[in-house]
Amino acid sequence: MTAAIQDRPDAKAGRTPLVVRLLVLATFVVILNETLMINAIPRLMESMHVTEQAAQWVSTAFMLTMAAVIPVTGWFMQRVTTRQSYAIAMGVFIAGTAISAVAPSLPVLLLGRIVQAAGTAVMLPLLMTTLMTVVPERDRGRVMGSVTLAISVAPALGPAISGLILQLGSWRLLFVAVLPIAGAVTYFGLRQLKNIGEPEVSSLDWLSAVMAALGFGGLVYGLSLFGERDSHLGPTLGIVLAGAATVTFFVVRQLRLQRTGAPLMDLRTLGHRTYGLSLALMCVAFLAMMGAMMLLPLFLQNIRALSPLQTGLLLMPGGLAMGLLGPTVGKLYDRFGSRPLVLPASIGLVASLAGFTQISMTMPYWQVLGLHALLMVSLAAMFTPIFTLGMGALPPNLYPHGSSILGTLQQVAAAMGTALVVTVMSARAGQLVTEGAAESAAQLSGMRLAFVVATALAVVTIVVAALLPSRTSDSGHAGH
């Protein structure tokens, strides 16, 4: 893919290159599965007789696998052609979907989700790197609006679509329905997709790959253990500290490899101030989004006794609004820059999460719908500008590393958001039950506290948004 930087196809102004459109469609299909199981967690708990913390790993394991695999994709995409990357990614994804559809137990289901995620992990950097290579800078905001549909709207629509499918039967239908769609996307994509650039021979530092997987995985796994009522504080803290230490060693190794060889992740990307700020903003926003998307189906189904279909219909307008706004936000970014979009969006994000801190047994459904729509619209106005601004701040030779770091930390932030809200909710609910409170009242109080934590974290986005330049040209590629 690096060679593609010197081998850029001509792109007509105002038109999205075919290769980008094909990759957006495929990425939408695979990323949709990231949150497809969230709405099915209550059903899965009943079907497989597992706890809430165990069931939520069908989503967390997916995100953690992506975080572990994405760092390797920069090396992988350099060694194979665009078509080969696409074929391998979609083939692995289809295999994981098939395993999940027939899984007889939770461990087998987790295996299928891990295989699914391994294929999905390749699509994100492939899409981002190809876009930055073949699309002129003047059109990137508009085209990135379509990319937002894949990497942001697909997870947002997952619970709504799964709610509709679950109304028809078992959670297995979620995977059965995806199989023919993924097969058709793979077939037609391979018929039309053209190679961008030539493969290059490069080495992989396997120690760095293992350290990244163990470090990020240990952090999120340790955090999730805080939600287990029978967990012990000492071992849990030990896992978290071990994960943090491994990530530290990983960073030190990357800094050393930058001087002596090829790093798995080139951390010089973080020396570009605009990219670093965009990355921080994206992480906090994704953490808050995934936390809210984990809590809302639990609130609507476990507390308010809605069916999966009703839950999906209630959450669908927000997801659709996010998708429809993507291209429009991209055009507005091309015209006005990031600040008029990102700063109001960050305020809207905080306001929506603050509204959810007031959830109760009597909160009107229109209010839930309105707050969710505000959350999704705010995220739509935020993601397209920060993705475009952050990647555009890098020199072309750092595009693969920039997209790899962005994809990795996006998944880690999402996984940590999921684990954090479940941890806070479970800890608070467990405390209240011990004191004699009713189970439903205790869980509702735990959800409110989890939304308070998410709101406090989201305040950081307002501060970071105020520091962002309006356009890439305001900071330049050399803005270290």
Side-chain angles (χ1 to χ4, degrees), residues 34-35 37-39 41-42 44-45 50-65 67 106 110 113 155 159 214-244 246-247 283-303 353-354 356-357 359 409-435 437 439-460:
E34 183 173 345
T35 56
M37 288 298 293
I38 286 180
N39 219 358
I41 284 178
L44 193 64
M45 291 167 59
V50 294
T51 65
E52 185 176 288
Q53 288 76 25
Q56 65 104 6
W57 272 95
V58 297
S59 294
T60 303
F62 190 98
M63 293 180 283
L64 284 180
T65 302
L106 184 63
L110 290 177
R113 293 287 283 172
L214 293 177
F216 294 127
L219 277 173
V220 178
Y221 177 62
L223 181 60
S224 71
L225 289 179
F226 282 109
E228 296 283 358
R229 294 177 187 176
D230 58 348
S231 65
H232 300 286
L233 183 61
T236 300
L237 282 175
I239 293 173
V240 173
L241 293 175
T246 306
V247 170
C283 286
V284 177
F286 248 86
L287 190 153
M289 181 183 84
M290 292 304 297
M293 289 176 61
M294 172 59 68
L295 291 172
L296 284 175
L298 292 174
F299 165 67
L300 294 172
Q301 293 183 49
N302 292 1
I303 304 297
L353 291 173
F356 280 126
T357 63
I359 57 173
L409 294 188
Q410 173 186 322
Q411 298 309 312
V412 171
M416 292 188 72
T418 302
L420 177 63
V421 296
V422 171
T423 296
V424 173
M425 178 185 70
S426 299
R428 175 63 174 166
Q431 176 190 356
L432 292 177
V433 167
T434 302
E435 295 173 357
E439 182 73 30
S440 59
Q443 192 174 30
L444 185 61
S445 178
M447 290 179 181
R448 288 199 202 99
L449 182 59
F451 274 119
V452 169
V453 173
T455 304
L457 288 172
V459 171
V460 176

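In this text the structure is predicted, and so the values were computed from the model without any measurement.
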Exercise. Using a 4.5 Å cut-off on heavy atoms from C-beta on, say whether the side chain of Leu449 contacts that of Met425.
Key: no
Quiz item: Hey, mind stepping through Phe451 and Leu296 against side-chain contact (heavy atoms from CB on, under 4.5 Å) and telling me if it holds?
Solution: CA-CA 10 Å; Phe451 274 119; Leu296 284 175; 4.2 Å; yes
Self-check item: Worked check of side-chain contact (heavy atoms from CB on, under 4.5 Å) between Val453 and Val421
Solution: CA-CA 8 Å; Val453 173; Val421 296; over 6 Å; no
Quiz item: Taking the side chain from Ser445 and the backbone from Ala441, do they hold a donor-acceptor pair closer than 3.5 Å?
Solution: no
Quiz item: What closest approach, in Å, do Thr357 and Arg448 show between heavy atoms, and which atom pair accounts for it?
Solution: O-CD, 3.3 Å
Exercise. Might you point out which heavy atoms bring Ser440 and Ile303 nearest each other, and give the distance in Å?
Key: O-CD1, 3.7 Å
Practice problem: Taking the side chain as every heavy atom from C-beta outward, state whether Phe299 and Leu444 have any atom pair closer than 4.5 Å. | Solution: yes
Quiz item: Would you find a donor on one side and an acceptor on the other, under 3.5 Å apart, between the side chain of Arg113 and the backbone of Val58?
Solution: yes
Self-check item: Val433, Asn302, Leu432 screened by side chain to side chain contact (heavy atoms under 4.5 Å, CB included) with Gln443, the one that passes
Solution: Asn302
Self-check item: Minimum heavy-atom distance between Leu295 and Ala450, given as atom pair plus value
Solution: CD1-CB, 3.7 Å
Self-check item: From Met45 atom CE to Leu106 atom CG, the distance as rounded to the nearest 0.5 Å
Solution: 11.5 Å
Quiz prompt | Interatomic distance, Ser426 atom OG to Gln431 atom CD [nearest 0.5 angstrom] | solution = 13.0 Å
Practice problem: Kindly give the heavy-atom pair with the smallest separation between Leu353 and Ala454, and that separation in Å. | Solution: CD1-O, 3.8 Å
Exercise. Measure across Cys283 and Ala413 and return the closest heavy-atom pair with its distance rounded to 0.1 Å.
Key: O-CB, 3.2 Å
